[in-house]
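Positions are given from 1 along the sequence.
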Amino acid sequence: MEVVALLSSGRKSMGLMMGVVFWLLPLVFGASVLLSWGLRCYALRSDLIDIPNARSSHMVPTPRGGGVAIVISVLVALPVIAWLGLIPLSATLGLWGAGCGVAMVGFLDDHGHIPARWRLLGHFLAAAWVLYWLGGLPPLELFGSTVNFGWWGHLLAAIWLVWHLNLYNFMDGIDGIASVQAVTVCLGAAAVYASVGFADATLVPVLLAAAVAGFLVWNWPPARIFMGDAGSGFLGVTIGALSIHAGWLAPQLLWCWLILLGIFIVDATWTLMQRLLRGVRVYEAHRSHGYQIASRRLGSHRPVTLGVLAVNILWLLPMGMAVGLQWLDGVVGLVIAYAPLVWVVAWLKAGQPEKSAVQE
């Protein structure tokens, strides 16, 4: 009888989730499209324009701040699905508080410069908030063994969240790339969840993908509005938090997220390390990331953005799926997935002086 009751409850929950997907996701997508249009009008009236300079990868003055559409769409939808009992209240509070906090810091920075130390403090506070509600870093699976890092793990998780939200900002430098990354990574993670028996965990990643897809209507190259720090920071901390939450579902799922995020992690980390080795000020604006160099070589943003789409679907998703299904160890899968990405950014001379990097 207990088994029958559990199966019945599971079917009801799945039926409710499918109903929510049917009506809520189109609403989130549509709201994001309309909000992006409204924010574009607001940016044009308020002179919130990104003017090209020597450090820019674009040539045309373009309104910025459109990522707020993603923020609003998701933050309104999260309490709804929590009220329906489709996600835990703790996860809702964690994602809502951290995402809102980081977005507000980014919004203020978009409208007027905030010193880096205060931005960083806000980022760590947001990371601490979401980690409190998620329970910190889960035990990691390393070469078949499960390792619990304790408080050191929580510190490592906080650093990961802050690094990921900042690298997301660094990588949001050409039309559509940050949006395509978010959509493909979130849908890829949802596909892995469904394949390994966690279909009920797919709702938030798919919800986030719907909101970003609405913004992408306006951000697809040539972009009519840019995401801005509010949107990129929100995506960075939210996706980072989802990766940590995945580890609590099953240890290998954290590795799946890290694999799916490979392009941004490898490019941003390699570029930062190269700039550190050269002794330059790493906090100064630049355009020496691999994706920026590739867009200059190709003379367009679109092929690079499409390349990210292709690599995520054709290479990183199969690797993530193999780890999720436990056909591959997580660390082994990560190394295999990252190896060609490292080769590409090294070949592009990411992080090197611009004249050296753009040579054929």
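Note that the OG1 atom of Thr202 and the CG atom of Leu86 stand 10.0 Å from one another [nearest 0.5 Å]. Between Ile244 atom CD1 and Trp257 atom CH2 the span is 11.5 Å, to the nearest 0.5 Å. The CG atom of Asn219 sits 8.0 Å away from the CD1 atom of Ile70 when rounded to the nearest 0.5 Å. The distance from atom CD of Gln181 to atom CG of Leu309, rounded to the nearest 0.5 Å, is 10.5 Å. Here the CG-CG distance, from Leu258 to Leu261, works out to 6.5 Å after rounding to the nearest 0.5 Å. Here the CZ atom belonging to Arg119 is positioned 8.0 Å from the CG atom belonging to Asn166, to the nearest 0.5 angstrom.
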Worked check of ring-ring contact (aromatic ring centres under 6.0 Å, His included) between Trp248 and His245
CA-CA 5 Å; Trp248 286 108; His245 175 261; 9.1 Å; no
Could you walk me through whether Leu208 and Ile239 pass the side-chain contact (heavy atoms from CB on, under 4.5 Å) test, one step at a time?
CA-CA 9 Å; Leu208 186 59; Ile239 291 172; 3.9 Å; yes
Evaluate side-chain contact (heavy atoms from CB on, under 4.5 Å) for Leu25 paired with Leu207, printing each intermediate quantity in order.
CA-CA 6 Å; Leu25 293 187; Leu207 179 75; 3.9 Å; yes
Can you check side-chain contact (heavy atoms from CB on, under 4.5 Å) on Ile225 and Phe215, steps first, answer last?
CA-CA 9 Å; Ile225 189 168; Phe215 169 72; 3.8 Å; yes
Decide side-chain contact (heavy atoms from CB on, under 4.5 Å) for Trp270 and Met273; before the verdict, give the C-alpha distance in whole Å, the side-chain angles of both, and the deciding distance to 0.1 Å.
CA-CA 5 Å; Trp270 178 275; Met273 295 305 298; 5.9 Å; no
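Residues Trp152 and Trp163 do not share a hydrophobic cluster, defined by chaining ILVMFWY side chains whose heavy atoms lie under 4.5 Å apart. Leu325 and Met319 fall within a single hydrophobic cluster, where Ile, Leu, Val, Met, Phe, Trp and Tyr are joined by side-chain heavy atoms under 4.5 Å apart, directly or via other members. In the hydrophobic clustering of ILVMFWY residues, with side-chain heavy atoms under 4.5 Å counting as a link, Ile87 and Tyr132 come out apart. Hydrophobic cluster membership is shared by Leu131 and Phe149, with clusters built from Ile, Leu, Val, Met, Phe, Trp and Tyr side chains linked at under 4.5 angstrom. At a threshold of 4.5 Å between side-chain heavy atoms, the hydrophobic network of Ile, Leu, Val, Met, Phe, Trp and Tyr places Leu34 and Leu75 in two separate groups.
You'll find the side chain of Val192 stays beyond 4.5 Å of the side chain of Phe198, heavy atoms only. A 4.5 Å side-chain heavy-atom check between Leu249 and Tyr193 finds at least one atom pair inside the cut-off. The closest side-chain heavy-atom distance from Gln252 to Leu328 is not below 4.5 Å. For the pair Thr62 and Ile49, the minimum side-chain heavy-atom distance is 4.5 Å or more. For the pair Val345/Thr271, no side-chain contact is recorded, criterion being any heavy-atom separation below 4.5 Å from C-beta on. Put simply, the side chain of Val308 does not reach to within 4.5 Å of the side chain of Tyr291, judged on heavy atoms. Within the 4.5 Å cutoff, side-chain heavy atoms of His123 are placed close to those of Leu165. Under the 4.5 Å side-chain criterion, counting only non-hydrogen atoms from C-beta, Val68 is not in contact with Phe234.
Nearest approach of His301 to Ser295, heavy atoms of both residues: CD2-CB, 4.1 Å. Closest approach of Ala350 to Asp267, counting heavy atoms only: CB-OD1, 4.3 Å. Across Leu137 and Ala157, no two heavy atoms sit closer than the pair CB-CB, 3.9 Å. Shown here for Arg275 and Gly351, the closest heavy-atom pair between the two residues is CG-O, 3.8 Å. Of all the heavy atoms in Ser32 and Ala211, the pair that sits closest is OG-O, 2.6 Å. In plain terms, the two heavy atoms of Ser36 and Ala69 that are nearest each other are OG-CB, 3.4 Å.
The residues Arg302 and Asp175 are annotated as not salt-bridged, no charged nitrogen and carboxylate oxygen being separated by less than 4.0 angstrom.
The closest donor-acceptor contact from the side chain of Tyr338 to the backbone of Ile265 lies at 3.5 Å or more, if one exists at all. Gln292 places a side-chain N or O within donor-acceptor distance of the main-chain N or O of His289, the cut-off being under 3.5 Å. A donor-acceptor pair under 3.5 Å is formed between the side chain of Trp129 and the backbone N or O of Leu93. Checked by atom type and distance alone, the side chain of Arg224 never pairs as donor or acceptor with a backbone atom of Arg40 at under 3.5 Å.
Using modelled atom types and a 3.5 Å distance limit, the side chains of Trp160 and Ser243 yield a donor-acceptor pair. Donor-acceptor pairing under 3.5 Å is lacking for the side chains of Asp172 and Ser232.
Counting non-hydrogen atoms of other residues, nucleotides and ligands closer than 6.0 Å to CH2 of Trp315 gives a total above 12.
Taking the centre and axis of the six-membered ring of Trp218, the NZ or CZ atom of Arg64 falls outside the cone set by 45° and 6.0 Å.
Remark: His164 engages no residue in a side-chain hydrogen bond (donor to acceptor under 3.5 Å, both in side chains) (not counting sequence neighbours).
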